[in-house]
Amino acid sequence: MNTAINLISDTVTRPTVPMLEAMFSAKVGDDVFRHDPTINALEEKAAALFGKAAALFCPSGTMTNQIAINVHTQRLDEVICDEYSHIYQYETGGYSSNSGVAINLIKGQHGKINAAQIAAAIKPDYDWLPRTRLVVLENTCNKGGGSYYTLDEIAPIRDLCQERGLALHLDGARLFNALVETGESTEQVGAHFDSISICLSKGLGAPVGSLLIGEADFIRQARRVRKVMGGGMRQAGYLAAAGIYALDHHIDRLRIDNAHARRLGAVLQDLEYIEAVRPVKTNILIFDLKAPLDSEQYLAYLAENNVLASPFGPNTVRFCTHLDVSETMIDQVEKVIRNYGK
Ligand SMILES: *Cc1c(COP(=O)(O)O)cnc(C)c1O
């Protein structure tokens with residue numbers, strides 16, 4: 001497992017030596033009393049990065065999203081999102097059990113929805129309908145193959161939400177993979193959303209942690225919700241130190257991961273056993289195999305050749321590039337995928 005080239009997810013990275021050194025030398029305290037200087041520094045850094053008043057360090061991106069849904073809504077409200085959304089697909093249906101809200105799914109394009117679709121999905125104010133309250137966008141979209149929104153696409157959604165009194169949350173688990181492509185700034189992103197969730201433990205390479213970012217009242221309430229969800233941590237400044245290190249050193253290099261995914265996508269495109277490669281926009285590469293080849297068979301072949309990847313359907317496979325995948329490893333993966341069936 002240790003020597004395999006692991007393309008299962010960008011969550012599989014281990015902290016680098018300098019990141020570990022930053023963790024070792026962190027000054028810590030009890031964060032439930034807000035006495036951990038490193039967590040305070042990380043939260044201030046993240047808030048400033050997005051031009052918002054405050055931020056909250058949490059154990060996972062699921063928790064930051066679930067807290068955001070909880071703070072933005074009341075029971076019997078509904079959340080609008082794309083059908084591929086992480087909050088719908090991969091958070092154990094938590095919107096329902098944690099917040100008692102309904103979900104209103106839109107069929108978007110590669111996980112992206114637009115203002116016209118959202119406008120058509122907003123429910124009128126009748127007692128027998130859930131109250132539409134929150135829109136969640138995902139950038140980049142995981143199940144959408146790493147697709148991303150530009151701010152030009154988000155602006156009309158922002159305007160619509162303001163007009164109709166809806167909150168707008170960004171699930172930005174992999175936001176920085178998009179920003180290195182678009183060249184847009186975090187401040188610009190901050191200005192478009194009421195709340196933003198980012199993951200430190202995906203492409204940024206920290207072992208643990210996500211941040212929820214927003215205005216002061218929102219984060220004050222979020223802190224209470226984090227506590228009741230069991231997310232109040234004590235000397236977690238050791239983890240926050242990894243997060244600070246990641247924000248300082250691991251953002252720009254995401255272009256390398258994106259380029260690696262594009263390179264493998266271009267190779268797969270021309271191979272006989274491939275049915276289709278979804279557009280490769282960032283560090284996620286999703287492709288369909290030509291029948292009768294199925295993902296189980298293909299993943300077994302890859303594993304025999306020291307390459308690990310994940311099934312994304314009976315005939316669909318996902319590769320995810322990250323910090324622990326070097327160019328030499330990509331050379332090796334290219335060889336392996338070219339050799340299939342030879
Ligand atoms: C990974 C991910 C999350 C958060 O997942 P955790 O494993 O709970 O940290 C949220 N949204 C998206 C789009 C993700 O890919």
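Both counts, for ligands and for their atoms, begin at 1 and track the order of listing. All of these numbers come straight from a predicted model, not from anything done at the bench.
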Note to self: Looking at R174 and D10, is any side-chain nitrogen of the basic one under 4.0 Å from a carboxylate oxygen of the acidic one?
What the structure shows: yes
Next item on the list: Give a yes-or-no answer on whether the side chains of N177 and D257 include a donor-acceptor pair shorter than 3.5 Å.
Entry: no
Check: Can you name the one residue among L134, L168, I122 that meets side-chain contact (heavy atoms from CB on, under 4.5 Å) with C161?
Finding: L168
Notebook entry, point to check: Any side-chain donor-acceptor pair under 3.5 Å between E91 and N65?
Noted result: yes
Give a table of atom pairs where an N or O of ligand 1 lies under 3.5 Å from a protein N or O.
| from | atom 1 | to | atom 2 | distance (Å) |
| --- | --- | --- | --- | --- |
| ligand 1 | 8 (O) | T62 | N | 2.9 |
| ligand 1 | 8 (O) | T62 | OG1 | 2.5 |
| ligand 1 | 9 (O) | G61 | N | 2.8 |
| ligand 1 | 11 (N) | D171 | OD1 | 3.0 |
| ligand 1 | 11 (N) | D171 | OD2 | 2.7 |
| ligand 1 | 15 (O) | R174 | NH1 | 2.9 |
| ligand 1 | 15 (O) | K202 | NZ | 2.9 |

Checklist line | H250 and F176 aromatic centres sub-6.0 Å | finding: no
Check: Is there a donor in the side chain of E181 and an acceptor in the side chain of N258, or the other way round, less than 3.5 Å apart?
Finding: yes
